[in-house]
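Quick notes on the structure that follows.
No experiment lies behind these values; they were computed from the predicted model shown.
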Amino acid sequence: EEKLLIDGIVSALTPMLSTKQRGHMKQVLQEVFPLSVSHVYNMSVPDRVKAMILEQFESNKYEVVPALLEKTLELYHVLQHRKCVIVAGPTGCGKTTMFRVLSNAINFMQATEARMLKERSSSHKGV
């Protein structure tokens, strides 16, 4: 029950908080729920995903702004666990850029994986 409660709190508040505020929220949650918080803050993104996102920023000639990169990685992580996400912010803050970069990165990774599977299956047919 604690994990569900923490999940709800983090899901609702994290997108609205700065990195510093998220750190404070994590500290408070760890003090209140010392045994249940660690699973929520495991927001690691595979290195290949981060590399592909960075590659998409560069190939589209976008400046790699650390805050936008962080939000893009966070969006990737959230989309692994949620079906819907609302991204809100003022005009020009990077919402569309973030979606384009992430979409291109995911599409490229999926196409690469599909190609590799096809190559494996065709090489096994000849055996």
Hey, what do you get for CD (Gln56) to CZ (Phe108), rounding to the nearest 0.5 Å?
7.5 Å
Can you list every salt bridge (charged side-chain N to carboxylate O under 4.0 Å, His left out) pair that touches residues 51-63, not counting sequence neighbours?
none
Got a second to check how far Tyr76's OH is from Ile106's CD1, nearest 0.5 Å?
6.5 Å
Passes salt bridge (charged side-chain N to carboxylate O under 4.0 Å, His left out), Glu113 versus Arg48? Steps please.
CA-CA 12 Å; Glu113 290 172 12; Arg48 67 181 180 80; 3.5 Å; yes
Taking atom SG of Cys93 and atom NZ of Lys71, what is their separation to the nearest 0.5 Å?
10.0 Å
Taking only residues two or more places apart in sequence, or in another chain, which ones meet Glu70 in a side chain to side chain donor-acceptor pair (under 3.5 Å)?
Thr19, Arg22
Do Asn60 and Arg100 come close enough that some side-chain heavy atom pair is under 4.5 Å?
no
Non-hydrogen atoms of Ile53 and Val101 that approach each other most closely:
O-CG1, 3.6 Å
Straight-line distance of Thr112 OG1 to Arg115 CZ, nearest 0.5 Å
4.5 Å
Run the side-chain contact (heavy atoms from CB on, under 4.5 Å) test on Thr72 and Phe57 for me, step by step, so that the C-alpha distance in whole Å, both residues' side-chain angles and the decisive distance to 0.1 Å come before the verdict.
CA-CA 10 Å; Thr72 306; Phe57 269 105; 3.9 Å; yes
Minimum side-chain heavy-atom gap Lys26-Val10 below 4.5 Å:
no
Could you measure the distance from the CG atom of Leu5 to the CZ atom of Phe33? Nearest 0.5 Å is fine.
4.5 Å
Interatomic spacing from NZ in Lys20 to NE2 in His24 - rounded to 0.5 Å
5.0 Å
Are there more than 12 heavy atoms of other residues, nucleotides or ligands under 6.0 Å from atom NZ of Lys95?
yes
Taking the side chain as C-beta and beyond, is there a heavy-atom pair between Leu79 and Leu102 under 4.5 Å?
yes
